[in-house]
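These numbers come from a predicted model, not from an experiment.
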Amino acid sequence: MQKKTFVAVAVGLGLISLSACGSGGSTSSADSKTVTLVSHDSWAVSKNVLQDFEKRSGYKVRVLKDGDAGQAVNKAILTKDNPQGDVFFGVDNTLLSRALDNGLFQPYEPKGGDLVLPQYRVDQDKHRVTPIDTGDICVNYDKAYFSEHKLTPPQSFADLAKPQYKNLLVTENAATSSPGLGFLLGSAARFGDHGWQDYWKKLKANGVKVVDGWEQAYYQEFSGSSEGRKAGGDRPLAVSYASSPPAEVIYAKKRPSTAPTGVSYGTCFRQTEYAGLLSNAKNTKGGKAFLDFLLTKEFQDDMPLNMFVYPVRKAAQVPPEFAQYGPQAKHPETMAPGRIAANRDQWVKSWTSLVLK
């Protein structure tokens with residue numbers, strides 16, 4: 001399941017460290033047959049699918065998992081003149097403009113790009129990034145809690161501020177968490193450039209709890225997740241993903257007939273993740289081959305049950321568990337990249353002053 005939190009990186013290059021997995025040796029070399037992927041910690045692919053790419057292409061894939069999404073993006077920007085790899089995966093639409101404005105990627109249009117569903121395509125004039133997956137950031141609810149308390153789960157952003165849901169919601173810090181930022185952007189899309197602030201004043205008065213990141217919110221505070229129940233979590237509402245209920249079913253020791261958690265679909269914000277060829281990549285040829293691979297049907301079909309996201313390629317297969325327990329939102333909130341770029345930093349600053357102080 002996606003675990004994408006980020007922190008503002010204000011450290012010198014000498015303090016940056018990367019965790020690595022995969023083959024040893026240098027991180028990237030034009031005269032080697034190694035292609036290096038830099039990603040957030042949620043990167044995952046089936047072993048046989050990756051081995052098939054390596055066999056067909058002749059490249060060995062090295063993966064550098066560099067923390068949570070925003071942290072990885074910021075570090076990649078800091079090291080762009082001497083990048084740690086060839087391809088970066090995991091920048092999403094909430095932070096895309098930051099990556100593009102800082103020249104993180106060089107142009108490349110991968111094979112299969114014409115098969116990406118039109119609604120996910122961006123940067124079509126320069127092709128600096130390629131859409132890879134999509135998902136919805138949404139409030140999840142603990143079905144058992146609402147059944148026991150004979151309370152209807154909230155269905156919309158506005159519902160969350162109602163008295164009957166006081167002290168029930170936990171969300172992530174918009175300044176330190178990708179889903180937290182997505183939830184803030186969703187509220188701005190719903191209530192407008194100024195209305196979102198009044199909305200958050202109501203949420204604060206209604207007892208919303210803010211924690212640093214998704215893992216803490218979902219695995220410690222949320223009473224509906226298996227880990228949250230073990231940890232004694234007492235918040236039956238949590239900002240997570242529409243794909244979280246399928247994960248609860250699939251990873252259960254004994255698969256239940258129904259998911260223990262549900263999704264409040266009126267609270268969803270559409271998130272899309274991208275990959276790109278890093279500027280100054282040492283192995284550009286290998287990087288291009290790997291980007292081609294990310295759009296193959298083999299990878300796109302494999303991706304949902306590894307990273308619990310939806311594919312963006314036309315006719316890619318979606319697991320039946322997704323349709324049954326966590327379908328995509330029919331009408332999620334969205335926001336144009338330009339609007340995010342123009343407002344994100346100021347909104348986060350205002351949100352921090354309003355909600356955390």
Side-chain angles (χ1 to χ4, degrees), residues 1-4 40 42 44 69 89-94 96 115-122 129-141 143 153-157 159-160 171-172 178-190 214 218 222 224-225 237-251 258-275 294-295 297 299-337 340:
M1 195 185 302
Q2 298 286 351
K3 289 172 282 200
K4 305 176 198 151
H40 55 59
S42 294
F89 164 79
V91 59
D92 66 31
N93 51 313
T94 68
L96 180 60
L115 296 175
V116 172
L117 293 166
Q119 63 265 36
Y120 302 121
R121 300 177 189 177
V122 297
V129 290
T130 299
I132 303 299
D133 66 73
T134 188
D136 294 322
I137 296 169
C138 313
V139 169
N140 283 205
Y141 60 86
K143 289 181 177 179
Q155 300 300 313
S156 66
F157 281 102
D159 282 353
L160 296 170
T171 188
E172 301 85 358
S178 182
L181 177 56
F183 188 61
L184 168 58
L185 295 179
S187 69
R190 176 65 184 85
W214 178 88
Y218 194 81
F222 182 41
S225 72
L237 297 171
V239 173
S240 190
Y241 293 86
S243 56
S244 297
E248 289 293 332
V249 172
I250 292 167
Y251 286 124
T258 60
T261 58
V263 175
S264 299
Y265 279 101
T267 66
C268 296
F269 177 78
R270 180 62 48 85
Q271 182 183 58
T272 302
E273 286 191 304
Y274 306 90
L294 295 181
L295 287 184
K297 192 173 188 302
F299 178 82
Q300 290 279 306
D301 285 350
D302 179 71
M303 185 173 57
L305 290 180
N306 279 289
M307 293 191 282
F308 283 86
V309 289
Y310 279 81
V312 297
R313 177 184 163 125
K314 296 176 182 177
Q317 297 297 310
V318 176
E321 292 92 345
F322 277 44
Q324 183 175 358
Y325 303 113
Q328 285 184 294
K330 293 181 179 179
H331 305 289
E333 300 294 344
T334 59
M335 188 173 290
I340 294 175

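In this structure, S243 contributes its side chain and F308 its backbone to a donor-acceptor pair below 3.5 Å. Listed for the T267 side chain is a donor-acceptor partner under 3.5 Å among the backbone atoms of V139. A donor-acceptor pair under 3.5 Å links the side-chain atoms of Q300 to the main chain of V312, judged by distance alone. Within the 3.5 Å criterion, the main-chain N or O of V116 finds a donor-acceptor partner in the side chain of R121. Put simply, the side chain of R270 gets close to the backbone of A329: a donor and an acceptor are under 3.5 Å apart. Panel note: side chain T171, backbone V239; no donor-acceptor pair is recorded below 3.5 Å. For K143 (side chain) and A259 (main-chain N/O), a donor-acceptor pair under 3.5 Å exists by modelled atom type.
By the 30° and 60° cut-offs, the orientation of the rings of F222 relative to Y218 is tilted.
Annotation: side chain of T134 is in contact with side chain of Q328 (closest heavy-atom distance under 4.5 Å). S178 has its side chain out of reach of H40: every pair of non-hydrogen atoms, C-beta onward, lies at least 4.5 Å apart. Contact check for T130 versus L294: no side-chain heavy atoms found under the 4.5 Å cut-off. Side-chain atoms of N93 and F269, non-hydrogen and from C-beta on, do get closer than 4.5 Å to each other. Residues I137 and Y241 have side chains in contact (heavy-atom distance under 4.5 Å, counting atoms from C-beta outward).
Of all heavy-atom pairs spanning Y141 and P153, the tightest one is CE1-CG, 3.6 Å. Contact record, F322 with V318: CB-CG1, 3.6 Å, taken as the closest heavy-atom pair. Here the shortest heavy-atom pairing between P131 and L295 reads O-CD2, 3.5 Å. The shortest heavy-atom contact between P245 and N140 is CD-OD1, 3.7 Å. When all heavy atoms of T258 and Y325 are compared, the closest pair comes out as CA-CE2, 4.0 Å. Nearest heavy-atom pair, G224 versus T261, reported as atom, atom and distance to 0.1 Å: O-CG2, 3.3 Å.
In this structure, F299 CZ and N306 CG are separated by 8.0 Å, a value rounded to the nearest 0.5 Å. Note that the CG atom of D133 and the CD atom of E273 stand 4.0 Å from one another [nearest 0.5 Å]. With rounding to the nearest 0.5 Å, the separation of CG in L237 from OG in S264 is 6.5 Å. In this structure, OG on S240 lies 8.5 Å from CD on E248, to the nearest 0.5 angstrom. Atom CE of M335 sits about 5.0 Å away from atom CG of L185, to the nearest 0.5 Å. For the atom pair CG of L181 and CD1 of I340, the computed distance is 8.0 Å after rounding to the nearest 0.5 Å.
The salt bridge (charged side-chain N to carboxylate O under 4.0 Å, His left out) test applied to R313 returns no partner, not counting sequence neighbours. In terms of the salt bridge (charged side-chain N to carboxylate O under 4.0 Å, His left out) criterion, residue partners of K297 (sequence neighbours excluded) are, by chain and number, D301.
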Worksheet item: How far apart are the C-alpha atoms of V249 and Q324, what are their side-chain angles, what is the distance that settles it, and do they pass the side chain to side chain contact (heavy atoms under 4.5 Å, CB included) test?
Response: CA-CA 10 Å; V249 172; Q324 183 175 358; over 6 Å; no
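The ring of Y310 has its center no closer than 6.0 angstrom to the ring center of Y120.
Neither side chain, T334 nor Q119, offers a donor N or O lying under 3.5 Å from an acceptor on the other.
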